[in-house]
Amino acid sequence: MALNFGCSFTALCCLALWGFTRTSDATYVPPPHSTVKPGFPVPMNTNNPGVRKAARSGVYRYNNSSNDLFLFKESQINKAMVQVVRGLKYMLHVEIGRTVCEKREHSHLDSCRFQRKKNLQQMLRCYFEVWTTPWLHKSDVLIALCH
C-alpha cells in the first residue's frame, strides 16, 4: 500500500507540475510521461502569474525590511525556477526599482511609478525564494537578498 501511495503521489505531483506549467506563458512544459521528478527545479516563464505573484511577495518583504523612505517594486524578472516541495518554491532573480510612492502613504504598488529624478533613482538586483501552498492561500518568503 505504501508503494502504491508513493507512486500515486509522485504521479500526482508530476501531473500537478505539468498542469501548473502548461499555460501558454510557460517556457518549459513537461509532458505527462516526463522523467521530471517532484522536487527538481524547472524553469518558468517570467510572465507566469504565479512567478509574478511570488516576485511581488519578495518585494513586499524587501520593502518591510528596508529603511528607505520610498517603496520599491519589481521592474524586471530575469530568471524564474519553480520546485514542487509540498507546495511550490519559486527561485527568482528580480530587478527592483525605487518608486515615487513613500512608505507612509501605504500605496498600492501597481499605481506607483518609478522615480524619474536622477538623484532618487535606484535599482537593486534581488534573489527571492518564495514558498507557496496555493491550496492554503499561503506564501512565505524564505530568502530576500538585494544589492
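- In this structure, the side chain of K73 does not engage the main chain of I96 through any donor-acceptor pair within 3.5 Å.
- Nearest heavy atoms, V130 versus S57: CG1-CB, 4.2 Å.
- With hydrophobic clusters built from ILVMFWY side chains whose heavy atoms lie under 4.5 angstrom apart, F114 does not share a cluster with Y60.
- For N119, the CG atom counts as densely surrounded, since its 6.0 Å shell holds more than 12 non-hydrogen atoms of other residues, nucleotides or ligands.
- Between S139 atom OG and Y90 atom OH the span is 9.0 Å, to the nearest 0.5 Å.
- Side-chain N or O atoms of T133 include none that pairs as donor or acceptor with a backbone N or O of G87 at under 3.5 Å.
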Next on the checklist: Before you tell me yes or no, could you show the steps for R56 and L109 under side chain to side chain contact (heavy atoms under 4.5 Å, CB included), namely the whole-Å CA-CA distance, both residues' side-chain angles and the distance that decides it to 0.1 Å?
Outcome noted: CA-CA 9 Å; R56 180 58 59 94; L109 277 181; 3.4 Å; yes
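- For F70, the side chain to side chain contact (heavy atoms under 4.5 Å, CB included) test picks out D68, R98, E102, Q115, L120, with sequence neighbours left out.
- For the atom pair C101 SG and N63 CG, the distance stands at 10.0 Å (nearest 0.5 Å).
- With sequence neighbours excluded, the residues satisfying salt bridge (Lys or Arg N to Asp or Glu O under 4.0 Å) with K89 are E129.
- Atom CD of E95 sits about 9.0 Å away from atom SG of C126, to the nearest 0.5 Å.
- From T99, atom OG1 reaches atom CD of E105 across 8.5 Å, with rounding to the nearest 0.5 Å.
- Using a 4.5 Å cut-off on side-chain heavy atoms (C-beta onward), L124 and Y62 make contact.
- Under the 4.5 Å side-chain heavy-atom criterion for grouping Ile, Leu, Val, Met, Phe, Trp and Tyr, V100 is not connected to M123 through any hydrophobic cluster.
- Under the 4.5 angstrom side-chain criterion for Ile, Leu, Val, Met, Phe, Trp and Tyr, the cluster partners of W135 are L136.
- Taken from OG1 in T46 to CG in N78, the straight-line distance is 8.0 Å, to the nearest 0.5 Å.
- Under the 3.5 Å distance criterion, with hydrogens and angles disregarded, a donor-acceptor pair is assigned to the side chains of K103 and S66.
- For R61 and D140, the salt-bridge test fails: no basic side-chain N is under 4.0 Å from an acidic carboxylate O.
- For S75, there are no side-chain hydrogen bond (donor to acceptor under 3.5 Å, both in side chains) partners, not counting sequence neighbours.
- Counting Ile, Leu, Val, Met, Phe, Trp and Tyr side chains that sit under 4.5 Å apart, directly or through other members, Y127 shares a hydrophobic cluster with M81, V85, M91, W131, L142, I143, L145.
- The side chain to side chain contact (heavy atoms under 4.5 Å, CB included) check on H137 picks up nothing, with sequence neighbours excluded.
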Checklist entry - Hey, mind stepping through C146 and F72 against side chain to side chain contact (heavy atoms under 4.5 Å, CB included) and telling me if it holds? => result CA-CA 11 Å; C146 297; F72 280 70; over 6 Å; no
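- I77 has its side chain within reach of V51: a pair of non-hydrogen atoms, C-beta onward, lies under 4.5 Å apart.
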